[in-house]
S.K.: 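Mind looking over this structure? Questions follow.
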Amino acid sequence: MPGPYSDKVMDHFMNPRNMGEIEDADGVGEVGNPSCGDVMKLYLKIQDDKIVDVKFKTFGCGAAIASSSMTTELIKGKTIDEALKLSNQAVAEALGGLPPAKEHCSVLAEDALKAAIEDYRKKKG
Amino acid sequence: MKRIYFDHSSTTPVDNRVLDAMLPYFVEHFGNPSSILIEEGGRPHKAVEEAREKIARLIGAQMNEIIFTSSATESNNMAIKGLALANKDKGKHILFSDIEHFSIMNQADFMRNLGFEIDFIQVDNYGVVDMDDLAKKVRDDTVLVSVMHANLEIGTIEPIKEIASFLKEREIVFHSDGTGSCGRIPVDVKDLGVDSMTISSHQFYGPKGVAALYLKNGMRLSSIMHGGFQEMGYRAGTENVPGIVGFGEAARFAMEELDERVHRLVTLGKKLWNGMESTIDFLHFTGHPKKRLPGHVSFWIEFVEGESLLLWLNLNSIACASGSACASNMMAADETGLKASHVLTAVGVPPEICHGSITFSLGKDNTPEEVEHVLYVMPGIVKRLRDMSPLYASFRQQEGKRK
C-alpha cells in the first residue's frame, strides 16, 4: 500500500514498542500540540542515571504514534545525558523520514522526553 | 481481502456501462465537435448535445441551460466570478455559507482584490444554514449568495428552496453547489429556484475531468475562459467529448435508477448508523440526523484521533475519509497546512476534537455484508486507540474516582 508514510512509520504505528504506563515512574513528561491536537505522555524508570525502562501513551496521528514509539526504542538503556542528545531529526531519520507537515510530531516526542527528564530531576531534587 | 469502499464523497468508480459508452469517442469518433461541416465532427457534436440533454433532464433544466466544464471547481469558479462580474453594477457584496467547499471559499481573497466584499452565513449545529443570520447579513448591495445543496463531509442537505425564495424577493442572484446532491438525490432546479448550480460527473459514477454549470435562462454571466465559441460562448475550449458522453450516460443511469439507489442507501445508512450507535460509546454523529444524504454517516469519537482511525480502517481494507486536520494536507510544506476542517468548526465541533471525525459515504454497489464487516471491525480499533491514549487513561481515572 503506497502512502505518505514510510514502512518504518507504518510498522511502529501498527506495532508500537513500549506502549503503556509505568506506575512508579521516576519521571513523567506530558506535552501537547494544540495545532494538531496531539498529546504525548512519556514514563521513565531511571537507575544510576540510566533509563532502564520507558513507556508511552499517545493520542495522535500515525506520525505521532510512530515518533513516540521510535523515541522509546532509541533511549532505552541510554544514560540521561545520552538521551538528552536525541534530536527530533534523529527520530525522524530513524523512521525513514516523515512527510514535511508531520515533522512537528517528532518535535513533540523530543519535547515529551525532555519534560520527563526535567520531571525526574525535579523529583530527585 | 476485497476492499470495502465507503468513500463515495471523495469520488465514485466509473460505471462499466458508462465506460462502454465513452470508448468509441477516443479513436473512432475522435472529431472536433466544432467541425460540424465535415463528417468527423458530426457524430461528436451530436453526442455532446445528447449528453447535454441527459444532464438537463436529470435536474429539470432546459438543454441550453447546461454549460460543460472540466470540474466542479471550475463550475464554482465560473459561477462566482462570472455572476459577480456580470452583476457588479448592482452591488459588490457577496455571501457564502460557512460550510462551502474550498472551490467557493478560496475565491474570497481573489474577489476581495477585485473590489467585492465577502461575508459568511452561519450554520446551526447540524450544519443547516441559519435563515436569521442570512436575513441579518444581506444588504442592499448584496449581488450574489452561494449555499451548497448538500455537504459531503457531514451529509446535511440545505433548505435551498427556502433560501431561493428569500433571495428572489430581494433580486439577489443565487448559486448553489450541487456537487453533493445532483445524481444522489432528486434535484429539480426549477422547483428549488436557484439561478445556477454546479453538477459533478465523478460524484455519480461518471468520469473525472468533466462537470457542468446549470445557468438559468436570462441570467447574465461573464465568461472567465476566453477563446473560441464553444459552450454558447460561456466557456471556450475544445470539448472533452468522451468525458461529456460518459457524464451524460451517468446522468441517465442516475435518473433511471435514482429511487432504487436512494432506497438502498437509506437502508444501508440506517444499518450502519444504528450499529455504530449501539456498539461504540462516546460517539457523536455530525450533520443533520434526518435531512441528510442517503448512505452518509459522519461522526467523531471521543479519545480517538481521526487519522489513526482512518489508517487502521484502511489496514482493514476499509476506505473512508477523515475531516481530521492531520489528514488534510499532509504533503504540505509545513504544519500550517494542517487545519481543522472549516465545516466541523462551523458546526461547533471544538478544533481539538475535529481530529476524530470520520465520514463513511456509501454507494450503489455497497452491500449489507460490508456494513456488517465495518461494524464488526470498528469496536476493536476504537479500543486499541483508546488504550494508547493518555487522555482516555486520565478520563477513566477521574471516572473511577467519581464512582
Side-chain angles (χ1 to χ4, degrees), chain A residues 1-5 7 9-23 25 28-43 55-69 72 88 97-108 112 115-116, chain B residues 1 3 300-319 322-341 344-345 349-357 381-397:
Chain A
M1 179 202 74
Y5 287 137
D7 291 346
V9 171
M10 286 311 290
D11 177 35
H12 278 260
F13 171 71
M14 291 187 283
N15 312 293
R17 329 295 201 254
N18 305 306
M19 199 276 287
E21 297 173 17
I22 300 175
E23 278 198 15
V28 181
E30 184 171 342
V31 290
N33 180 335
S35 86
C36 198
D38 292 354
V39 180
M40 211 173 271
K41 200 167 181 179
L42 203 70
Y43 301 80
K55 296 259 190 236
F56 82 91
K57 277 207 164 180
T58 292
F59 170 87
C61 61
I65 289 170
S67 296
S68 314
S69 169
T72 62
N88 75 296
L98 286 170
K102 294 288 189 175
E103 266 157 31
H104 68 277
C105 295
S106 60
V107 179
L108 199 62
Chain B
M1 198 195 146
R3 300 278 302 171
W300 58 276
I301 303 172
E302 288 183 58
F303 316 111
V304 175
E305 198 273 337
E307 188 199 286
S308 286
L309 180 53
L310 180 125
L311 287 171
W312 269 116
L313 287 166
N314 185 49
L315 289 164
N316 281 278
S317 298
I318 299 159
S322 168
S324 151
C326 288
S328 61
N329 186 9
M330 87 147 85
M331 300 318 274
D334 58 59
E335 68 188 75
T336 54
L338 304 174
K339 282 201 182 100
S341 149
L344 293 170
T345 315
V349 179
E352 69 274 15
I353 285 168
C354 291
H355 300 266
S357 88
I381 298 175
V382 167
K383 182 180 182 303
R384 185 178 191 121
L385 290 171
R386 278 185 181 157
D387 284 347
M388 289 185 72
S389 169
L391 304 173
Y392 191 59
S394 53
F395 168 78
R396 290 306 290 257
Q397 223 171 18

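A note on names: the letters A, B, ... follow the listed sequences, proteins ahead of strands, and every chain is numbered from 1. The figures here come from the full heavy-atom set of this structure, side chains too, leaving out hydrogens, waters and symmetry mates. Here the structure is a predicted model, which is why all the values come from computation and not from measurement.
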S.K.: Sequence neighbours excluded, which residues qualify as side chain to side chain donor-acceptor pair (under 3.5 Å) partners of A:D11?
M.R.: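 Once residues adjacent in sequence are excluded, the partners of A:D11 under the side chain to side chain donor-acceptor pair (under 3.5 Å) criterion are A:N15, A:R17.
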S.K.: Between A:I65 and B:M388, which heavy-atom pair has the shortest distance, and what is it?
M.R.: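 Between these two residues, the closest heavy atoms are CG2-CE, 3.4 Å.
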S.K.: Taking all non-hydrogen atoms of both residues into account, name the closest pair between B:L311 and A:Y5 and its distance.
M.R.: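 The pair with the smallest heavy-atom distance is CD1-CE1, 3.8 Å.
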S.K.: How long is the straight-line distance from CE of A:M10 back to CG of B:L315, given to the nearest 0.5 Å?
M.R.: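 One finds 4.5 Å between CG of B:L315 and CE of A:M10.
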S.K.: For chain B, which of A:G60, A:G20, A:G62 has the most heavy-atom pairs under 4.5 Å?
M.R.: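 Heavy-atom pair counts peak at A:G60.
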S.K.: For the candidates B:P390, B:S389, B:A393, which exhibits the highest count of non-hydrogen atom pairs separated by less than 4.5 Å from chain A?
M.R.: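 The answer is B:P390.
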S.K.: So, do A:T58 and B:E305 sit near enough that their side-chain heavy atoms are less than 4.5 Å apart?
M.R.: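 Counting from C-beta outward, A:T58 and B:E305 never come under 4.5 Å.
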S.K.: For residues B:S308 and A:F13, determine if any side-chain heavy atom of one lies less than 4.5 Å from a side-chain heavy atom of the other.
M.R.: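 The answer is yes; the side chains approach within 4.5 Å.
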S.K.: With no hydrogens and no angle check, is any side-chain donor or acceptor of A:K57 less than 3.5 Å from a backbone partner on B:L391?
M.R.: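 Looks like no, no N/O pair under 3.5 Å.
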S.K.: Please flag which part of B:Y392 lies under 4.5 Å from any non-hydrogen atom of chain A: side chain, backbone, both or neither.
M.R.: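 For B:Y392, there is no contact with chain A at all, as no heavy atom is under 4.5 Å.
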